[in-house]
Amino acid sequence: MAKVTVEEVADHLRQTMGHVATNENTLLRTRAAAHIGAYQLSLTQLQILQFLLQSDEAVTNSILADHFAISKPAVTKALCKLNKELLVDTKVSETDRRVTTLALSGDGVTLAREYQEIDREINETYLGIAQKFGKGDRKTILKFLETVEGSLNQGQPF
């Protein structure tokens, strides 16, 4: 196998990240364009819908903030859009007026199920790609991806 330089890897990463950011052929964009796309929801908002669909217990803003590791104001902002689009219903607790629980509306359930199916297909694609590599290569790829994620979390430009 030919030697791969650091510059080649960096260049390919730049090209791949640019492709992901601009490609209109991603599964989420193509499949969602007709229905999900009409709502103009962020990925976090779609993931909140999916979480509500899968949850067996009452969900509050605090639970969402903890689960998604985002601030409570960020949850509130995401929920405002979901409420405006009539995808989420809120219910104030009768015993503690400070507690509001969330539930999906009928349209919210439909949208969450559609997103869940798309998410499942995307995960299958990723698994198919990962299975093409041996254990040692997967460890290296995972270490690389964790490093990229760390750089993103530190606010480094991409």
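Start at 1 with the first residue, then count along the sequence.
Between the CG atom in L152 and the CG atom in L145 there is a gap of 10.5 Å [rounded to 0.5 Å]. Once rounded to the nearest 0.5 Å, the distance linking CD1 of I63 with CG of D66 reads 8.0 Å. Atom NE2 in H67 sits 8.0 Å away from atom CG in L64 (nearest 0.5 Å). In this structure, the separation between CG on L111 and CD on Q45 is 10.5 Å, given to the nearest 0.5 Å.
With sequence neighbours excluded, no residue forms a salt bridge (Lys or Arg N to Asp or Glu O under 4.0 Å) with E7. L142 pairs by the side chain to side chain contact (heavy atoms under 4.5 Å, CB included) definition with E146, not counting sequence neighbours. When the side chain to side chain contact (heavy atoms under 4.5 Å, CB included) test is applied to T140, no partner is found at least two apart in sequence or on another chain. Applying the side chain to side chain contact (heavy atoms under 4.5 Å, CB included) criterion to Q54, with sequence neighbours excluded, gives Q50, Q116. Partners of E85 by side chain to side chain contact (heavy atoms under 4.5 Å, CB included), not counting sequence neighbours, listed by chain and number: Y39, K81, L87.
Defined by atom type and a distance below 3.5 Å, a donor-acceptor pair is present between the side-chain atoms of E8 and T5.
The shortest non-hydrogen separation linking A58 to T101 is CB-CG2, 3.8 Å. Closest approach of R138 to A130, counting heavy atoms only: CD-O, 3.4 Å. Y115 and L46 get closest at one heavy-atom pair: CD2-O, 3.7 Å. Summarising the geometry of V88 relative to L49, their closest heavy-atom pair is CG2-CD2, 3.9 Å, with the distance given to 0.1 Å.
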Could you list the donor-acceptor pairs under 3.5 angstrom formed between side-chain atoms of residues 92-100 and any protein atom two or more places apart in sequence or on another chain?
residue	atom	partner	partner atom	Å
S93	OG	T95	N	3.2
S93	OG	T95	OG1	3.1
S93	OG	D96	N	3.1
D96	OD1	R98	N	3.1
D96	OD1	R98	NE	3.0
D96	OD2	R98	NH2	3.1

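For E124, the CD atom counts as densely surrounded, since its 6.0 Å shell holds more than 12 non-hydrogen atoms of other residues, nucleotides or ligands.
Side-chain contact between T76 and N61 is present, with heavy atoms from C-beta onward closer than 4.5 Å. Using a 4.5 Å heavy-atom threshold, the side chains of I48 and L82 count as touching.
In the hydrophobic cluster analysis, where Ile, Leu, Val, Met, Phe, Trp and Tyr join through side-chain heavy atoms closer than 4.5 angstrom, L53 is grouped apart from L86. With hydrophobic clusters built from ILVMFWY side chains whose heavy atoms lie under 4.5 angstrom apart, F133 does not share a cluster with L127.
A side-chain donor-acceptor contact under 3.5 Å links N83 to the backbone of L79. Remark: the backbone N or O of F51 is not paired with any side-chain donor or acceptor of S55 at under 3.5 angstrom.
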